[in-house]
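Encoded as C-alpha cells, the structure appears first; notes follow it.
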Amino acid sequence: MRTRIAQSQDAASIAPLFDQYRQFYGKASDLNGAITFLEHNLTQQSSALFYAVNETNEILGFTQLYPTFSSLSMRKAWILNDLFVIPEARSQGVARLLMEAARQHAAATGAKGLELATGADNQKAQRLYESLGYQRDDEFYHYYLNL
C-alpha cells in the first residue's frame with residue numbers, strides 16, 4: 001500500500017469513495033456532485049486530499065484536509081475533515097497510513113497541527129486517533145451555526 005496526493009484529474013477516480021463516505025453519513029448518492037466538488041477543491045487548492053492504493057492501484061481510502069489558521073499561534077493548521085476506507089480494506093492499516101500522510105503534510109507545510117472531530121460513539125476511530133498521539137479536547141466546547 002502507498003499514498004498519493006490527489007490532483008484534479010484524480011477526482012473522478014476518488015469520487016465513488018467520496019460518494020460512499022457521504023452515504024455513510026446519511027446523504028443521498030450524488031456521484032456527479034462528488035466529482036464536481038472534488039475537482040473544484042483540487043483545482044482551487046482549497047483542500048489537500050490523500051488516497052491510498054494497493055499494488056494493483058485500486059483506491060482503498062482517502063483523507064481530505066482543509067487549511068485553517070490559528071490567530072493565537074499565528075500559524076497555519078489543518079482540519080482533517082474526511083477519512084474513509086472501503087469496507088473490504090478496513091483493519092488492514094489503511095486509515096493509519098492515510099493519517100500518517102496527513103501528519104507529514106501538515107508538518108511539511110509548517111502547520112501548528114491537525115484538528116479533527118469524530119462521533120462520541122465512534123470508539124474505533126477514537127482508539128485509532130489516540131494511538132497516533134491525538135488528544136481529546138475537553139477544554140473547549142465547539143459550536144456550529146447552521147445557515
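Owing to the predicted nature of the structure, the values given are computational and were not obtained by experimental measurement.
Rounding to the nearest 0.5 Å gives a distance of 13.0 Å between OH of Tyr51 and CZ of Phe62. Annotation: the span from Asp10 atom CG to Ile59 atom CD1 amounts to 7.0 Å, rounded to 0.5 Å. Distance check: Met99 CE to Leu114 CG gives 7.0 Å after rounding to the nearest 0.5 Å. Rounding to the nearest 0.5 angstrom, the gap separating the CG atom in Leu98 from the CG atom in Leu80 is 9.0 Å. Considering CZ of Arg4 and CD of Gln7, their distance stands at 11.5 Å, rounded to 0.5 Å. In this structure, OG1 in Thr109 is found 5.5 Å from CH2 in Trp78, a value given to the nearest 0.5 Å.
Thr3 and Ala101 get closest at one heavy-atom pair: OG1-CB, 3.8 Å. The minimum heavy-atom distance between Leu97 and Ala52, with the atom names listed, is CD2-CB, 4.4 Å. When all heavy atoms of Ala28 and Gln23 are compared, the closest pair comes out as C-CG, 4.5 Å. Between Leu83 and Ala95, the shortest heavy-atom contact is CD2-CB, 4.3 Å. Annotation for Ile35 and Ala12: closest pair CG1-CA, 4.1 Å, computed over non-hydrogen atoms. Closest approach of Ala77 and Ala111 over heavy atoms only: CA-CB, 4.1 Å.
Taking the side chain to side chain donor-acceptor pair (under 3.5 Å) definition, one finds that Ser71 meets it with nothing, sequence neighbours left out. With sequence neighbours left out, the side chain to side chain donor-acceptor pair (under 3.5 Å) criterion links Thr43 to no other residue. Judged as a side chain to side chain donor-acceptor pair (under 3.5 Å), and not counting sequence neighbours, the contacts of Ser73 are Ser70. Partners of Phe50 according to the ring-ring contact (aromatic ring centres under 6.0 Å, His included) rule, which considers only residues two or more places apart in sequence or in another chain, are His105.
Counting non-hydrogen atoms of other residues, nucleotides and ligands closer than 6.0 Å to CD of Gln45 gives a total of 12 or fewer. Residue Gln135 qualifies as open at atom CD: its count of foreign heavy atoms under 6.0 Å is 12 or below. Heavy-atom neighbours of Lys76 NZ from other residues, nucleotides or ligands within 6.0 Å: above the threshold of 12.
Side-chain atoms of Asn122 and Gln126 form no donor-acceptor pair, as typed in the model, at a separation below 3.5 Å. One side chain, Gln64 or Ser47, offers a donor N or O that lies under 3.5 Å from an acceptor on the other.
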Side-chain atoms of residues 139-147: list all donor-acceptor pairs with protein atoms under 3.5 Å, sequence neighbours left out, distances to 0.1 Å.
none

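Hydrophobic cluster membership is shared by Val53 and Ile5, with clusters built from Ile, Leu, Val, Met, Phe, Trp and Tyr side chains linked at under 4.5 angstrom. By the criterion of side-chain heavy atoms lying less than 4.5 angstrom apart, applied directly or through intervening Ile, Leu, Val, Met, Phe, Trp or Tyr residues, Tyr21 is grouped together with Ile86 in one hydrophobic cluster.
Two residues are said to be in side-chain contact when any heavy atoms from C-beta on lie closer than 4.5 Å; Ser29 and Arg22 fail this criterion. Using a 4.5 Å cut-off on side-chain heavy atoms (C-beta onward), Leu42 and Leu49 make contact. With contacts defined as side-chain heavy-atom distances shorter than 4.5 Å, the pair Arg136/Asp138 qualifies.
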Inset, instruction - Run the numbers on Leu65 and Asn81 for side chain to side chain contact (heavy atoms under 4.5 Å, CB included), then give the verdict. - result: CA-CA 6 Å; Leu65 314 174; Asn81 201 74; over 6 Å; no
Legend entry - Worked verdict on Thr118 versus Tyr134 for side chain to side chain contact (heavy atoms under 4.5 Å, CB included): CA-CA 12 Å; Thr118 191; Tyr134 285 75; over 6 Å; no
Inset, instruction - For side chain to side chain contact (heavy atoms under 4.5 Å, CB included), just list the numbers for Asn57 and Arg2, CA-CA rounded to whole Å, side-chain angles, deciding distance to a tenth of an Å, and then say yes or no. - result: CA-CA 9 Å; Asn57 287 320; Arg2 64 187 182 284; 2.8 Å; yes
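The only option from Phe24, Phe37, Tyr25, Phe84 that meets the ring pair (Phe, Tyr, Trp, His ring centres under 6.0 Å) definition with Phe18 turns out to be Phe37.
Within the structure, every pair that satisfies the side chain to side chain donor-acceptor pair (under 3.5 Å) test and touches residues 89-103, not counting sequence neighbours, is listed here: Ser91-Lys124, Arg96-Ser131, Glu100-Arg103, Glu100-Gln104.
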